[in-house]
Amino acid sequence: MNQVDYLRISLVDRCNFRCLYCMPEGSDLEYVLQQDLLTQEELTTLLREVFIPVGFTRFRLTGGEPLIRPGVVDIVRTIAQFPETQDLSMTTNAFLLESMAQDLYDAGLRRINISLDSLEPETFDRIIGNRGRSRWQQVWGGIQTAYRIGFNPLKLNVVVIPGINDHEVLDLAALSVDREWHVRFIEFMPIGNGELFNDQGWIDSETIRQQIRKRWGLTEANVRGNGPADVFKIPGAKGTLGFISQMSECFCDRCNRMRLSADGWLRPCLLNEIGQIDLRTQLRSGVSTRELRQQVSELLGLKPEINYKQRQSGTTGKYHRTMSQIGG
Ligand code: SAM
Ligand code: SF4
């Protein structure tokens, strides 16, 4: 049985981008009210007195866009300093990274995943819903800065959308050749923008691998990280290519994670709402952390069953929440 020791923490549900596949312009999103966000102090209490005691040791900060959360550097420092923390990472769109990367590194962050869906500024801006001055260069600058500072591993997340950025698969894969950058292709899921998903469809990982294999060859890299990626390598490349195939290949049975939303809901599964716990309301109404620990422990016990149920129902259903709301 998988040990569930990995918590994805959403620091905020808002974002400075409007990615087509996540929270497109015009979508009707209900944001968490400021007063309902977990405060830094509440988050620290939950980690120290609930999550760490029940066995969580690996944490990822995500969102929405985690870098727009005030105090994010302090949050990183606090989590990095817990003696039990074995791993701390962040997923970001990197728009604000250039100026923040050194502070984040100094606070103890070493691993970073950056979303980069295109190398063409025009396509990039189309994907992120930007109509003003191109934002590509600033994101690219953030990636270069993080690399120079020494973030390692540095992973680049790509969601491939047919007709939008699928013509760039080889160019994006090539980023793994000369530098130790790890490019990860994530299958597009019908979360966030079901219409786009229905219009454009999605591309499975094996189709992407075939394109890459035809161009350079592809060997299996003998790596298994925290996550669900299948990892390969272009022969001779410094970095790797990961494939996250949650649409074509259900990996619920190896799921090792839970998610804490920005408003303090603990969710055992990305794809359904079984068993979720409202930790913030309980904490604020005086429920003891001992009682919350008990609830989280029980939920951990239920996780294999939840994984099994999700595995039976598959991954192609309709979901009410976006990745930015759940903390993708
Ligand atoms: N804003 C940060 C970012 O974009 O890296 C962190 C949050 S974002 C919700 C986390 C990841 O979810 C990103 O890599 C993004 O590409 C992915 N994501 C969002 N919506 C998705 C969808 N419909 N299908 C697949 N991946 C999605
Ligand atoms: Fe924002 Fe990340 Fe969602 Fe894009 S994928 S809209 S950057 S939260």
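Counting starts at 1 for both ligands and their atoms, following the listed order. The basis for the numbers below is simple: all heavy atoms, side chains too, and nothing from hydrogens, waters or symmetry mates. The structure displayed is predicted, hence computed values, not measured ones. For the single chain, residues carry numbers from 1 onward in sequence order.
Close approach of ligand 1 to Phe188 is summarised as follows: ligand atoms under 4.0 Å from at least one heavy atom of the residue are 23 (N), 24 (N). Close approach of ligand 1 to Asn157 is summarised as follows: ligand atoms under 4.0 Å from at least one heavy atom of the residue are 14 (O). Heavy-atom contacts of Thr62 reach the following atoms of ligand 1: 6 (C), 7 (C) (cutoff under 4.0 Å). Atoms of ligand 1 lying under 4.0 Å from any heavy atom of Gly63, numbered from 1 in the order shown and given with element: 7 (C), 9 (C). Using a 4.0 Å cut-off to heavy atoms of Asn93, the atoms of ligand 1 that qualify are 2 (C), 3 (C), 5 (O). Interface of Gly64 with ligand 2, defined as ligand atoms under 4.0 Å from a residue heavy atom, comprises 8 (S). Less than 4.0 angstrom separates some heavy atom of Glu65 from each of these atoms of ligand 1: 1 (N), 2 (C). Which parts of ligand 1 touch Val159 is read off a 4.0 Å heavy-atom cut-off, strictly below it: atoms 16 (O), 26 (N).
Counted by atom type alone, Glu206 and Ser248 present zero donor-acceptor pairs between their side chains at under 3.5 Å. Side-chain contact, Asp117 with Tyr21: a donor N or O sits under 3.5 Å from an acceptor N or O. Side-chain contact check for Asn93 and Asn16: at least one donor-acceptor pair (N or O, by modelled atom type) lies under 3.5 Å. Between the side chains of Thr62 and Thr91, no donor N or O sits under 3.5 Å from an acceptor N or O. A side-chain N or O of Glu168 and one of Ser118 form a donor-acceptor pair less than 3.5 Å apart.
Counting non-hydrogen atoms of neighbouring residues, nucleotides and ligands closer than 6.0 angstrom, the CD atom of Glu195 reaches no more than 12 such neighbours. Counted within 6.0 Å of CZ on Arg77, heavy atoms from surrounding residues, nucleotides or ligands total more than 12; the atom is thus considered enclosed.
Taking the ring centroids of Phe232 and Phe243, they lie under the 6.0 Å cut-off.
A cation-pi arrangement is not found for Arg60 relative to Tyr6, the charged atom failing to lie both closer than 6.0 Å to the ring centre and inside a 45° cone about the ring normal. Geometric assessment of Arg48 against the ring of Phe82 yields a negative cation-pi assignment under the 6.0 Å and 45° thresholds.
Geometrically, ligand 1 and Asn113 share no nitrogen or oxygen pair separated by less than 3.5 Å. In terms of polar-atom proximity, defined here as any N/O pair under 3.5 Å, Ser115 does make such a contact with ligand 1. Considering backbone and side-chain atoms alike, Ile191 places an N or O below 3.5 Å from some N or O of ligand 1. Considering backbone and side-chain N/O atoms, Tyr21 comes within less than 3.5 Å of an N/O atom of ligand 1. Residue contacts with ligand 1: Met189 is placed with a nitrogen or oxygen under 3.5 Å of a nitrogen or oxygen of the ligand (distance criterion only).
At a 4.0 Å cut-off, at least one heavy atom of Gly64 sits close enough to ligand 1 to count as contact. Using a 4.0 angstrom heavy-atom cutoff, Gly192 does not count as in contact with ligand 1.
Nearest heavy atom pair, residue Cys15 against residue Glu65, reads SG-CB, 3.7 Å.
Take a cut-off of 2.8 Å around atom 4 (Fe) of ligand 2: the protein N, O or S atoms inside it are Cys19 SG.
Of all the listed residues (Thr91, Asn193, Thr92, Ile161), Thr91 holds the heavy atom that lies closest to atom 11 (C) of ligand 1.
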Verify side chain to side chain donor-acceptor pair (under 3.5 Å) between Gln282 and Gln295, making sure each step is shown before the conclusion. CA-CA 11 Å; Gln282 295 192 78; Gln295 292 178 19; 2.8 Å; yes
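The side-chain heavy atoms of Leu97 and Val139, taken from C-beta on, include no pair separated by under 4.5 Å.
Ring planes of Trp181 and Trp140: perpendicular class, angle over 60° (limits at 30 and 60°).
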